[in-house]
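Just below is one structure, and these are the notes that go with it.
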Amino acid sequence: MTRTKIAAILHNPTLNQQILVKAWVRTKRGNKNVNFIALNDGSTIENIQVVAESSLFSDESLKDVTTGACIAVKGTLKASQGAGQSVELEAESIEILGKADPETYPLQPKKHSLEFLREIAHLRPRSSTFSAVFRIRHQLSYAVHTFFHQKGFSYIHTPIITASDAEGAGEMFQVTTLDLNKIPKDEAGKIDFKNDFFGRQANLTVSGQLEGELFAMALGEIYTFGPTFRAENSNTARHLAEFWMIEPEMAFYELPENMALAEEFLKYLISYILENCKADLDFLAKRFEEEEKNKKQEERAEMGLLEKLEFVRSNDFVKLTYTEAIEILKDSKPNKKGQFKYPIEKWGSDLQSEHERFLVEKHFKKPVILYNYPKEIKAFYMKQNPDNTTVAAMDVLFPGIGEIIGGSQREENLEKLSHRIKEVGIEEHALWWYLDTRKFGACPHSGFGLGFERLMLFITGMSNIRDVIPFPRTPQNADF
RNA sequence: UCCUCCUUAGCUCAGUUGGUUAGAGCACAUGACUGUUAAUCAUGGGGUCCUUGGUUCAAGUCCAAGAGGGGGAGCCA
């Protein structure tokens, strides 16, 4: 007899039929005459209730049916006599597939703190919250591919190990096979990489963008979706040392088309989850609501999770230049009252979190796309505007998350790009292959990077980025 | 990396001004109970009070250093 998944049983129940369920025990309760076992197999957030009559199953035979154990139940699906569920499985035989000693199994049928669950990351997907989060994570990945596929983009696997040390996106993890106890040095006393695996210094990628641009110059519209590594000592609820990033890169797109794509993309992804993950989202929305109750009045979110997602999907994002943002901030109440830790004084300084949060959460109360930033605070490859002071950069800012997308139109003019490379002190010869795209058949093009986990935070309503990736990598933590 | 708060039973937490044998709820074990919904009720077992050092007649409580964690900031996605 083949097993039936719980999702299939509950979504399309056929009563009085014999079925086989294989799943993990969430709780068992009962009395002298009957036992109730709540079972979950991960196919859905919902449990199925197994009814084990004492006439068929002695207490002894159910001794090992404890929270966390894996069992196989053969029985008949019946309309439930109880109130909490419409159908239940009347057990005819129960086989213990794997015991879980209740004295030592750490997950209990009660609410655990996220901090505790993080310490048992190997077991936390068996909890309701994390199973919901990770089913959504799968659906969201699928939606990313679906969106780009439907638009004719090609998925490009850019390398995870790169020898390019000029990307400037952040601190890098070095990849080496050299014996760290006997590092070879040259005459000048510098590390000799000739005998290293690649014959030169190599690192884990901090971005697939530069390689992505090469393929956009050939296939037109491409995207990458892969792991990204930053060795920054960042200890926040929004940063990981290993995270997943989606980076589309499009030939012939200028900044306005780039912004429009970013907005369409985010709305598509949110819609997809709203339409395809209803049960999991409902659970997370309830959870979100309870978390909000524990917060102080002034820190509570104005909208519930579903309301917030609905709002973002159905409202236009505000598009605003850096210069306009500075004007708004200069005239804002908190700036005049001295409530900003970093007061807005002059044009040209980078915006702090508090400024972005004011614009998004207080002033506009919706997602904001800021564009045309001062060139000094942005990367070398961004398109220089005719004013000679700004670049065609854009940041998409989300409430509660901050920067969720960073992107730009790229500088396609060889002279301007090479001038900027020298200005910021990057060695030009290391980027010869990148500069070749500007030498041979250059064209206007654009792209952006979306932090996958940051979007997960927004969609699931979780508050720590470590809780939306299966095994978080952060400074001082690479367990599991 | 900086600021700040926290660390007491398997989990969540209380522990007053330093003072006898450190508590509660849940979990677990045993028993009761005719359909439960994180079942309920009774009884019971369970402690490196994060670590090290110091002050004191006396430290879970005060001081110092270290470790781990939360929140905020910086860097960014």
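Just so it is clear, the model here is predicted, and its values are computed rather than measured. Residue numbers begin at 1 in each chain, while the letters A, B, ... track the order of the sequences.
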Aromatic ring proximity, centroids under 6.0 angstrom, A/Y322 and A/Y371 = no
Considering only heavy atoms and no angle criterion, is a donor-acceptor pair shorter than 3.5 Å present between the side chain of [X] and the base of [N]?
X: A/N235; N: B/U1; answer: yes
X: A/Q85; N: B/U36; answer: yes
X: A/E88; N: B/G35; answer: yes
X: A/H239; N: B/C76; answer: yes

Going by purine N1 to pyrimidine N3 plus the second Watson-Crick contact, or the G-U wobble pair, all under 3.5 Å, which nucleotide sits opposite [N]?
N: B/C2; value: B/G72
N: B/U43; value: B/A29
N: B/G19; value: B/C57
N: B/A65; value: B/U51

Which part of the nucleic acid does [X] contact within heavy-atom distance under 4.0 Å: base, sugar-phosphate only, or nothing?
X: A/E354; value: nothing
X: A/T27; value: sugar-phosphate
X: A/E103; value: sugar-phosphate
X: A/L455; value: nothing
X: A/E119; value: nothing
X: A/T228; value: nothing
X: A/A83; value: base
X: A/F116; value: sugar-phosphate
X: A/I405; value: sugar-phosphate

Face-to-face contact A/F243 to B/A77 six-ring, under 5.5 Å, under 30° | yes
Distance test, side-chain N/O of [X] to OP1/OP2 of [N], below 4.0 Å:
X: A/K32; N: B/C33; value: yes
X: A/R454; N: B/C76; value: no
X: A/N31; N: B/G35; value: yes

Least distance between heavy atoms, A/E46 atom then A/N40 atom = O-ND2, 3.4 Å
